[in-house]
Amino acid sequence: MVTLNPTTHAYLDGQLLAFQPGDTILKFVDRHKGRGFVPTLCDAPQLDPYGACRVCSVEVALKEDGPRRVVASCHTPLSAGMHVHTQTQKVQKLRRNIVELVLTDHPLDCLTCEVNGNCELQTVAAKVGIRKVRYPEGKNHLNRQKDLSHPYMTSDLSKCINCSRCVRACDEVQGQFVLSMHGRGFDARIIKGFDTSFEDSECVSCGACSQACPTSAISDIFQSKAIVATEKTRTICTYCGVGCNLDVATKNNEVLSIQAPLDAEVNFAHTCLKGRYAFRFYNHPDRLRKPLIRTNGHFEEVTWEQAYAHIVENLTRIRAEYGPDSIAGISSARCTNEENYLMQKFIRAVIGTNNIDCCARVCHSPTAFGMQQSFGTGAATNSVEDLQHTQCILVIGANPTEGHPVTGAKIKQRAMKGVPLIVIDPREIEIVKYAKHHLQLRPGTNVALLNMFAYFILEGGMVDRDFVGSRCENWSEFEAGLRSLDLDQIEEVTGVPREKVRAAATEYAESPASMSFHGLGVTEHSMGAKTVMLIANLAMMTGNIGRPGVGVNPLRGQNNVQGAADMGCQPHQGAGYMRVNDPAMQRLYQDFYGMPVSGEIGLKIPEMFEAARNGRLKALWLMGEDVVQTDPNSEAVKESMNALDFLVVQEIFMTETAKFANVILPAASFLEKSGTFTNAERRVQRVNAAVPPLEGTKPDGQIICEIMQHMGYPQADYTADGVLEEISRVVPFFKGATWEGLGDNGKQWPVKEGNVGTPIMHLDSFKRGLGKFHFFAWQESQEVLEHGLEFPYILTTGRLLEHYNCGTMTRRTGNADIVVEDVVVINPADAAKKGVTGGDWVRLFSARGEVRLRSRISEEVKPGVIYTTFHFPEHLVNNITSDVHDSDTLCPEYKVVAIDFERVGSGDEPAGLPIREKGRAHTLPV
Amino acid sequence: MSLSVPADIEKEIDERITHYPVSRRSAVLPVLHILQRHFRFLSEDAVSWTAAKLGLEPIQVLEVVTFYPGFRQEAPGKVHIRVCRTLSCAMAGSYELLDNLCQAAGIDASRMGHHHPFAVSKDGRFSIEFVECLASCGSAPVCLVEDELHERVSPETAPDLLARYS
């Protein structure tokens, strides 16, 4: 028997029902009667209440027989004991009349409309019982031009009902402010920017407006709202570490469109143009469809059995001749947990070496290492949802609106609502506009700046002594280090005035809950891991750990880079982070795999390349990674590939690296496989195949299982739930995870028995017991010390919203029509010195090589700092990046390259580099 | 292209913004009024300038400008005349007054519309706008010439009225 509490219950059509604090009348009705019971046109669950259309009108009374008033239920707060009447004759008549008036202004061409059968206006009209419209036809706006200018977004504003959902989606969900209502009355219409087209506006093509639009007024080229797509599969995006849930619509085993589910905890009806629109790479003609073996210098198509036999023969020969440590594997953070687990198991248990690593090496290995040193666990302490609880946001070395667009949009929304935002970044990135503090430091001086930041917290008496005393250790060493700092020197090297740092530090330390996010601007440095430990220090010294709205939260780059490390794709730790050189752990793995495993720490990726060049490494197995294009100092990587005796590449496309292979195995993309991805907030989510693998290809997990079987290991055939079950038996923090139990929204690890997730870590104690402070004095990067005089400018690299790393996937989609090349960004003062004007060709040269790019002149970088992206590897930006690495983890220092530059020609000249025409970019030059 | 706002006007705007400490969006209307008073209409540059001034997106200002017919997006004539069209004035002859003023000024009244509520004479001297109530029903018909109110304006005297501002 439910206890009816008058303070938490209200009457819905005479029935007393519970509501939740903050409920509007409509939310209350939706919860109990289902969405659509009370119709609405302007309300959408992902948007704030608006109250424009009044279709959701209901009658309310404060007493059972008290006087009734008609109110719009979507924006009227519910109060206890209220009597809500949703079906009275009066409101039904009112709703019908409103919809009738809307229809007078709407073209009656449902039968030819793309959303026919899945149109909210149609549904609402049917629901309120409209049979015919009594009013004379109003203006129907059929003369409004369709906007088909954009590679993805479309609009046909004759279908618009002026509900403003699109405007609100753009403002409240994405925060881009591209759309608005122009004019009023019958002439009111949606505009983009200064009344321009999607193509010419500042639209970032996130598609939030298209998804929110109740009709087909704003849509996309995939016609995502069209009813023809009858099957939907919920899966996880393959791009960044946000881990957006996607609803993939398919028909006859073909992907038609992608939408963001409304009930996704991670992305709540939002995603970015990569997740929503950049999927057509999956059945691109360039996809590899047959195993290939190199014979006499060229590739020949073979059967899977022939390929496996060839591999077994060569790996067996090399292992016998040179020992298991002459073989190595590089796994992929784009693949599932199950595939990563199998890959490391194959290398460790079947080959018998710890030479296994993954691309986390070149991105967040310093985060994993650094946070393990400080806290004991190398993963985000909190959840992105905590942005709703935080009162100060610190973003260090991350450009979330481009790299992690959905999290970026959430940060932007919070900052716009007044939560103070501190940005530490050498560039004036988009979120700086919303920041209260921007510390624009010189690349390579993170440690110096964060030391000063910590110093001001100490000096201002803002240290949380209770937290430090009860939960941390080694404070006195850190304090002594801070007191020894030379602030004058730090000001000089960072280029940031100390008062700015003091103000930001005070903001961070004095807020009741401060949350930090960091990205590759922290890790891809020679002092990357040390910077991560400093960020952990800041959180510990201010007590910002173990509560909602606080913590240290790395924005992990790839969809499953967290998972790849969790599954043991690193040379020093196995699945679940147990140390391979600990004899007890070695025994544990040995017993579990039923095979002897090595107790020697294996090679990290850069060490593998070096070992290949000097002949110690003979064979390499690459799963889904294009090291030639993405690892620094490309020439050296190519040399390593050439030096190998035997190279196996599992890929979906013929990449630059694949061209060096002896055997290429055609793999399947994320849309064709099942498993789990772990996002940046440790959330293990289910990936479900939306379509079967393209003919001739196999999912990576299946390939690994089959090669293990061919090598004689009794590995069961690949199933997502089966491998997850195996993982849960060896990885302690997956103990309670089951395929069924993960549910639609996944669970954050540690997943305890009964599928109980952990949204916030380190509640009462750290994984390592006490949190440990570390002090490090800042040191100039070796790159600058060695080459700074000859090459006086600092090049730093980053990413764009539209492309993903070397563009293997995004450049085979419409995204390539939006951004067609990498450009180099130069401060006006530096440009003037070298006689460069915007659009000119510029030659950048470093101690290792040169690259030619078109220029853009902007004050977003300070004088002395040059910025570019590397999505277009044919420009070969990695020809000039350095071999300097993080001293703890060997993560390359992509963020600090000593260069010089000169103008080589005007923008009209081709300068010997093929720049593809817009609109023809879907096939890559190979 | 950017708007060149004289220092005294900008000072006035800065002071006015301080009246709206909670939300800068609230200051959009007063800022636009000051700019229109000075520039006589609101160009795209004025919209962008206002947005930058208040830390808003230009589109958040443009939507306000296009909503209110009182904000002009094109330059009016040297003398801008607003004729009341609401009930009392309409009954007392403001439609005839409008026609006569247009004829005398050489203005093509058919060019007035919902989104172009006023029209300008060929020589640019006059512009005429048919507006909602000017709050002087007892002395209908009325019109505003710039900021000067004229009451009980007999339609026949339209040419005389223009002559006084020539």
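As the structure is a prediction and not an experimental result, all values here were calculated from the model. Protein chains get the first letters and strands the later ones, always in sequence-line order, with residue 1 at the start of each. Note that these values count all heavy atoms, side chains included, but never hydrogens, waters or copies made by symmetry.
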Where on Ile59(B) is there a heavy atom nearer than 4.5 Å to chain A: the side chain, the backbone, both, or neither?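 Its backbone and side chain both get close to chain A.
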Measure distances from Glu44(B) to the heavy atoms of chain A and classify the residue's part below 4.5 Å as side chain, backbone, both or neither.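 Looking at Glu44(B), backbone and side chain both touch chain A.
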If the condition is salt bridge (Lys or Arg N to Asp or Glu O under 4.0 Å), which residues does Arg856(A) pass it with, not counting sequence neighbours?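 Expected list: Glu860(A).
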Any chance [atom1] of [X] has more than 12 other-residue heavy atoms, nucleotides or ligands included, within less than 6.0 Å?
X	atom1	result
Gln145(A)	CD	no
Lys78(B)	NZ	no
Asp147(B)	CG	no
Glu10(B)	CD	yes
Glu859(A)	CD	no

Identify whether the distance between the nearest side-chain nitrogen and carboxylate oxygen of Glu63(B) and Arg184(A) falls below 4.0 Å.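 Here Glu63(B) does not pair with Arg184(A) in a salt bridge, since their nearest N and O are not under 4.0 Å apart.
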When you compare the side chain of Phe177(A) with that of Leu56(B), does any pair of heavy atoms fall below 4.5 Å?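 Contact flag for Leu56(B)/Phe177(A) side chains = no.
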Can you tell me how far apart CD (Glu57(B)) and CD (Glu202(A)) are? Round to the nearest 0.5 Å.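 CD of Glu202(A) is found 8.5 Å from CD of Glu57(B).
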Contacting region of Leu179(A) [heavy-atom separation from chain B under 4.5 Å]: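 The backbone, not the side chain.
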Who among Leu62(B), Val64(B), Val65(B) has the most heavy-atom pairs with chain A under 4.5 Å?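 Ranked by contacts with chain A, first place is Leu62(B).
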Backbone of Gly183(A) reached by a side-chain donor or acceptor of Thr66(B) within 3.5 Å: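 At least one qualifying donor-acceptor pair exists.
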